[in-house]
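Values below: every heavy atom of this structure, side chains too, minus hydrogens, waters and symmetry copies. Order of listing sets the numbers, starting from 1, for every ligand and every atom in it.
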Amino acid sequence: MPSLNEIRTTFLEYFARNGHEIVESSPLVPRNDPTLMFTAAGMVQFKNLFTGVEHRDYTRATTAQKCVRAGGKHNDLDNVGYTARHHTFFEMLGNFSFGDYFKSEAIPLAWDLLTKEFGIDASRLLVTVYHTDDEAVEIWKKHAGLPDDRIIRIATDDNFWSAGPTGPCGPCTEIFYDHGDHIPGGPPGSPDEDGDRFIEIWNLVFMQYEQMEDGTRRDLPNQSIDTGMGLERIGALLQGKHDNYDTDILRALIEASAQATGTDPDGPQNIHHRVIADHLRSTSFLMADGVMPSNEGRGYVLRRIMRRAMRHAHLLGAKDPLMHRLVPALVAQMGQPYPELGRAQSMIQETLLSEETRFRQTLDRGLRLLDDEVANLPEGGALSGAAAFKLYDTFGFPLDLTQDALREQGRGVDIAGFDAAMAEQKAKARAAWAGSGETADAAIWFDLAERHGTTEFLGHDTEQAEGQILAVVDGNAPVAEAKPGQTVQIVVNQTPFYAESGGQVGDSGTLTTAEGRARITDTRKSVGVFIHFAEITEGVVKTGAGAVLSVDHDRRSLIRANHSATHLLNEALREVLGDHVAQRGSLNAPDRLRFDFSHNKALTLDEIAEIETRVNNFVRQNAAVTTRIMTPDDARGLGAQALFGEKYGDEVRVVSMGQADTGKGSDGKTWSIELCGGTHVARTGDIGLFVTLGDSASSAGVRRIEALTGAAAFDYLSGQDHRLAQAALMLKSGAADVPDRLRGLLDERKALQNEVAQLRRELAMAGGAGQSEQPGADTINGVPLLAQVLNGVTGKDLPGLVDAHKERLGSGAILLIADAGGKVAVAAGVTPDLTETVSAVDMVRVAVAPMGGKGGGGRADMAQGGAKDASAAQAAIDAVKTLLKG
Ligand code: SER
């Protein structure tokens, strides 16, 4: 009996032998179709190959595609657990031709795989074809030898397949398996077709047309093939089972659930195990593809699926969170074909544990409220909308969870009442918002949020995605379209563009529609709506159009590296400076990063060097950067650093990087853990290199470090190195000797300066530059006065000279005027025996006045002052003489 893994391999290898490229499953979040919530068919990733917009170097492909049908157009959530063949997650096996082969090859390929490779009894197979498709009928007859009564013509959409309201489509032929007349049910097209006897196993679509937005259909450039076969269905058939949940992978998960809860895998509890097994797969695969639980969009669908499963775990009597304990069983079953599952295993387990722990806080009380409400209802009566809304709003019960709980009792919910309660809450939120002091020009964003929900951000996982334009805003008013020359703001339903927040600048890039193109210069957000600032460059960009949004990759890469380096810097600062370091602000731009933090003194060079070393050690460690979603409390429990200025909601993103070395080798402790919504490198090595530009004061008690990473850091260091080499050349030393050589030169310079000063003094004592003899003293009014104008002497030299003259004269007054290049310094001294007669302070005051100076200060025996005009030196000397004359 082949396992599902073997069947998958057999399928892919069969088509590979027949010239098909084995292409990996695309992610569950489609990048190329903004109208789809999740990838729900194998053809999704090839949509643009069918329409001829995209070309690849193969024209035949085969895949095993991960699919989720929950939320959005394709939604099987409500039936899971209750039927044999509904899943929220399943794998679709497919073969595709992009303008290569068509019907005449597709039908034989399928028939031979089923009857020869898989050995299915041909007499049990029958097919449907679109009622006008005579060509397909003929091929079935000719190649498979099917008689007329096993080729059933169907006139409905069942045999005309399209992925959505627009896009590639065409007639199809479906292959059915007859499980035998012991099972009730009639052939397709018959009144009993919904029975379980005839099961569709494979759908071959003859892609021929493209359905356009205006309702017309045009021929595809090339006729193509898209086939889809549910692995679980063909698996059930090949494993001799009638129920998909009895196939090996799902059975293993059901048994894991039974074992973990100590319950019977079969019997009445089987329904809970089935829901748990299915939901374990969809939730784990969605998280592995980057979807995280939230209260909106895809994240809310994920949370809804999780919570449904958690209620069933509760009904099984699980006392503690269950779902995370089942992940190893899933990885054992499916980790080999889908390695992303193993890579994300710990993140998936942690997220499930945290979600279940949190939901359990309200689940019990919510279920009691539900029981009380139901107890008051008449037989079969619906739960009031108000009660369902209270369960939703207060206890975190998604509406479908409540419906699921009531279904077991044959009851429903008053949906109109629920919608009314929801509308009332929205009205209250609007009133609260209007009263919050928001400016009127923000109302347009609030309206958009209310109408379309907040923008879904895809940029953690991709830099290019398709979105639908919800609004083009010009001058604060929505417009239908914009043309070149216009600068507008564009809102889409989902975007890879990061909107400025948490210090990280907004993304720029391009937006392209079928009819026009715009340059996105910046992205910001308001009430959860991402606002793309756009300059229309070509054609016309219209509201309602589908758009390809491409982030400027190079710029984003630089921003990412800087943002991740900021986290490493934050941690290094705390290690080197102490735990008082807390973030006070940051900027993560493409060209640099800036980090403000609490610390009250300048960093030493050694501290900066130590910080750089630590950051670069973690860069070289090249550790994976991981992101998880958890409650703020759980995050803080992990030791996560909260970022300054951020308001945290119910759940936060936690970004972790680096393995700490505790001295006993790496013990798996994460080095940096921060709450952060920004975008980050995949591995720390992507930062390349980190260098600071030093630190400065930002405000009182707050320091600022600016730093560079990657190529900018290298260019900076390379420039520094070049300058050092130039210095070494000038100093005629090796680069390593530059500091010593420089220190030697500075010492030498100091010694020379001292020597020059000494020589100047000696020169001045000898009469000053240009004077040939010792100055003499004139005695005025009994006081010997030595007055002298000096060149080449500075103010600093004057006190020493005054003292020397005092000593030489023994008794007298000295006035020295130094002309030092535009500045005039004046000093006066009086020997102790004469200070009663004349004060040096007075001498300076009268001397500076004619030379344009003022004041002067000191003591009676020594005073100094400054002036401007040395040409009036004689007038200054004369003024002092007048002073002495009394
Ligand atoms: N697109 C078709 C389907 O989903 C065939 O792959 O059924």
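- Among all non-hydrogen protein atoms, the one lying nearest atom 1 (N) of ligand 1 is Asp226 OD2, 2.7 Å.
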_Between Asn5 and Ser3, is the side chain to side chain donor-acceptor pair (under 3.5 Å) condition met? List the steps._
CA-CA 5 Å; Asn5 284 334; Ser3 67; 5.2 Å; no
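- Relative to the ring axis of Phe285, Lys66 does not place its NZ or CZ within 45° and under 6.0 Å from the centre.
- Heavy-atom proximity to Thr227, at under 4.0 Å, picks out these atoms of ligand 1: 5 (C), 6 (O).
- In terms of protein heavy-atom proximity, atom 7 (O) of ligand 1 is nearest to Asn203 ND2, 3.2 Å.
- Protein heavy atom closest to atom 4 (O) of ligand 1, with residue, atom name and distance, is Trp161 CZ2, 3.2 Å.
- Taking the ring axis of Tyr245 as reference, the NZ or CZ atom of Arg274 stays within 45° of it and closer than 6.0 Å to the ring centre.
- Among residues at least two apart or in separate chains, salt bridge (Lys or Arg N to Asp or Glu O under 4.0 Å) pairs with a member in residues 143-158 are Asp134-Arg153, Lys141-Asp148.
- Interface atoms of ligand 1 facing Gly228, defined by a heavy-atom separation under 4.0 Å, are 5 (C), 6 (O).
- A donor-acceptor pair under 3.5 Å is formed between the side chain of Asn159 and the backbone N or O of Cys172.
- Set against the non-hydrogen atoms of Met43, the atoms of ligand 1 under 4.0 Å away are 1 (N).
- Each of the atoms 4 (O) of ligand 1 lies under 4.0 Å from some heavy atom of Ala41.
- A donor-acceptor pair under 3.5 Å is formed between the side chain of Gln45 and the backbone N or O of Glu24.
- With a 4.0 Å heavy-atom cut-off, ligand 1 is reached by no atom of Leu204.
- Screening residues 197-208 for salt bridge (Lys or Arg N to Asp or Glu O under 4.0 Å), with sequence neighbours left out, gives Asp178-Arg197.
- For ligand 1, the atoms lying closer than 4.0 Å to a non-hydrogen atom of Val205 are 2 (C), 5 (C).
- Near Met92, meaning under 4.0 Å from one of its heavy atoms, ligand 1 places the atoms 4 (O), 6 (O).
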